[in-house]
Amino acid sequence: MYASREDIGYDFGDDSKVGSKPIKPNPNIDGGWAWMIVLSSFLVHILIMGSQMALGILNVEWLEEFNQSRGLTAWVSSLSMGITLIVGPFIGLFISMCGCRKTAIIGGILNALGWILSAYASNVHYLFLTFGVTAGVGSGMVYLPAVVMVGQYFQKRRALAQGLSTTGTGFGAFLMTALLKYLCIEFGWRNAMFIQGAISLNLCVCGALMRPLAPKDVVSEKYIVRSNSEDNQAKVLSHSAETIKSNGVLSDEPEKKEETNEEVLDSVQHIEIGGKSRSGRNMYGLRILKTVSQLTVTVRKGFAMWYSSYFGAASLFTNRVFVAFIIWALFAYSSFVIPFIHLPEIVKQYNLSSQNNIFPLTSIIAIVHIFGKVILGIISDLPCISTWNVFLMANFTLVTCILTLPLMQTYVSLAVVCALIGFSSGYFSLMPVVTEDLVGTKHLANAYGIIICANGISALFGPPFAGWIYDITHKYDFSFYISGLLYMVGIIFLLIQPCIQKKQSREKSTEEAQV
């Protein structure tokens, strides 16, 4: 489709290798059930990201109820949004062991529990635990599988599929804001949170739709690892086995242990068949032993894959372009969030409140953001277009808008810049695609978990940092300038590292040719 990975100049070594057998295409790849996965991911974005963007409604209610400072109360929303993204690397471990479906279902239950328990909050600190942590972790356990599954089911139309699924954030912002506002007026904020918790149980349905692909359909590989259930698709990737061997995490010794475990399972089955005449209690004990043995093998394999991705010799951090991508993510997300926070105050400063009340500037960003995701996805899927180049162009446009926004002093000029911010920020739908091009499908869960973790740190500390800058300078302009400059630093890292990687690859090829 496009040579993104070649353009970037990095090959993680997980695509078709010598000796791999051609596999008959699965009709669900780029079609069939793949569109149900897009629908599931779309609903997840509505229920999670949309709800988080509507927390301003509840924030007002919490301020009135608990009479705490705005800064302390705002940490409830910040914790929920930040933790949803920060837990990404640890959710990758769950996906490695349990698969996307089980992880998402458990996360849906945890998210709903967080909402329901928050309805009984007696103070803000109680909300830190129930809503910030519990609901935040649950959201993270659903959000990452929703993104990863779309990446697994699509090859030719990945950017479009990710764009369609992530538009749920924009739709959710409108739907959930209206819903929470109505519920708070009619039933009070406590009952509103209880009802929202019941609605959040639909995340379990979204998780159930995340049917894993058969091992042979995930990607053409040299080795295929036996799967014990449909949820073991995260463990059937052969490169993970090669990675584990190469980095010495499991080496030969753990392989022997694995064989021992398999022998134990076989012996248990043998005993189970031959011992039908024994008492029911003994058979029950053997079944428990068999289950525990299977669980032990599953957990050890999943943990080994997760550990090797982060700390092994073939760690994701050995990919310099991916490290540059992480640095970019640390600065990028806050630059998108800050306009939402400070635009209302800028509007008041320039006496544009009457025009902004008719059509808020933040609504312009949200609406155009939806179209930006879809259009950028369509453009990126064109055969002659590189997703990496589209991603960089969108970033350059966004950082330019962030730096020029404080210079605009009329409603029309601010509206134009906000529209450009909304459209260019549609690159969020390309992030999973670019990540997959960098590290491959098998490492997508762990790699994208790191990226959204960096985004979470940016979302957690970016807005308070901008507020701190305002307290010092008493101007909103510097918040945009500083965040924009930091954002530019991240983009420069994205530009420099691929060039260095390409140069090193050419030098290595030249040396090998001379030898």
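Within the 6.0 Å centre-distance limit, the rings of H45 and Y143 are counted as a close aromatic pair. Between W115 and F131, a ring centre-to-centre spacing shorter than 6.0 Å is recorded. In this structure, F325 has its ring center under 6.0 Å from that of F391. F154 has its ring centre less than 6.0 Å from the ring centre of W35. The aromatic ring centroids of Y487 and F331 lie 6.0 Å or more from each other. If you look at Y427 and W328, their ring centroids are closer than 6.0 Å.
For the pair N111 and V142, the minimum side-chain heavy-atom distance is 4.5 Å or more. Two residues are said to be in side-chain contact when any heavy atoms from C-beta on lie closer than 4.5 Å; I364 and L361 meet this criterion. Within the 4.5 Å cutoff, the side chain of V150 has no heavy atoms near those of the P432 side chain. I57 places a side-chain heavy atom less than 4.5 Å from the side chain of C184. At a threshold of 4.5 Å between non-hydrogen side-chain atoms, the residues F322 and I451 count as touching. Residues N455 and M431 meet the side-chain proximity criterion, which asks for heavy atoms closer than 4.5 Å. Two residues are said to be in side-chain contact when any heavy atoms from C-beta on lie closer than 4.5 Å; P145 and M210 meet this criterion. In this structure, N191 and L183 have side chains that are not in contact, with every pair of non-hydrogen atoms separated by 4.5 Å or more.
Put simply, CD1 on I452 and CZ on F428 are 13.0 Å apart, with the number rounded to the nearest 0.5 Å. We find the CE-OG1 distance between M149 and T103 to be 11.0 Å, quoted to the nearest 0.5 Å. To the nearest 0.5 angstrom, I29 atom CD1 is 12.0 Å from R157 atom CZ. One finds the CD1 atom of I195 at 10.0 Å from the CG atom of L180 (value rounded to the nearest 0.5 Å). For the atom pair SG of C418 and CD1 of I365, the computed distance is 4.0 Å after rounding to the nearest 0.5 Å. Interatomic distance, CD1 of I105 versus SG of C204, reported as 6.5 Å (0.5 Å rounding).
Nearest heavy-atom pair across V390 and S380 is CG1-OG, 3.6 Å. Between T387 and L430, the shortest heavy-atom contact is CG2-CD2, 4.3 Å. Minimum interatomic distance between I116 and G197 (heavy atoms only, all atoms of both residues): CG1-CA, 4.0 Å. G107 and M141 make their closest contact through CA-CB, 3.6 Å (heavy atoms, listed as atom of the first residue, atom of the second, distance). Among all heavy-atom pairs drawn from I83 and G136, the shortest one is CG2-C, 3.8 Å. When all heavy atoms of S51 and L47 are compared, the pair lying nearest together is OG-O, 2.6 Å.
Looking at D381, its side chain never comes within 3.5 Å of a backbone N or O of I378 through a donor-acceptor pair. A donor-acceptor contact shorter than 3.5 Å is absent between the side chain of K373 and the backbone of L164. In this structure, the side chain of S41 does not engage the main chain of I37 through any donor-acceptor pair within 3.5 Å. Proximity of a side-chain donor or acceptor of S40 to a complementary backbone N or O of M36 within less than 3.5 Å is not detected.
At a cut-off of 3.5 Å, with distance as the only test, no side-chain donor of Q52 or S77 sits close to an acceptor on the other residue. A donor-acceptor contact under 3.5 angstrom links the side chains of S118 and T130, judged on distance only.
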Apply the test side chain to side chain contact (heavy atoms under 4.5 Å, CB included) to residues L494 and W388: give CA-CA distance (whole Å), side-chain angles for both, the deciding distance (0.1 Å), then the verdict.
CA-CA 10 Å; L494 289 182; W388 181 256; 4.1 Å; yes
Stepwise side chain to side chain contact (heavy atoms under 4.5 Å, CB included) test for Y153 and R211:
CA-CA 10 Å; Y153 266 85; R211 186 174 69 193; 4.0 Å; yes
Test M176 against Q196 for side chain to side chain contact (heavy atoms under 4.5 Å, CB included), laying out the working first.
CA-CA 9 Å; M176 290 302 168; Q196 181 63 32; 4.0 Å; yes
Before giving the answer on side chain to side chain contact (heavy atoms under 4.5 Å, CB included), spell out for I106 and I109 the whole-Å C-alpha distance, their side-chain angles and the decisive distance to 0.1 Å.
CA-CA 5 Å; I106 295 171; I109 296 172; 5.8 Å; no
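With I450 as the partner, the side-chain contact (heavy atoms from CB on, under 4.5 Å) test is satisfied by one option alone out of V323, I326, V439, T435: I326.
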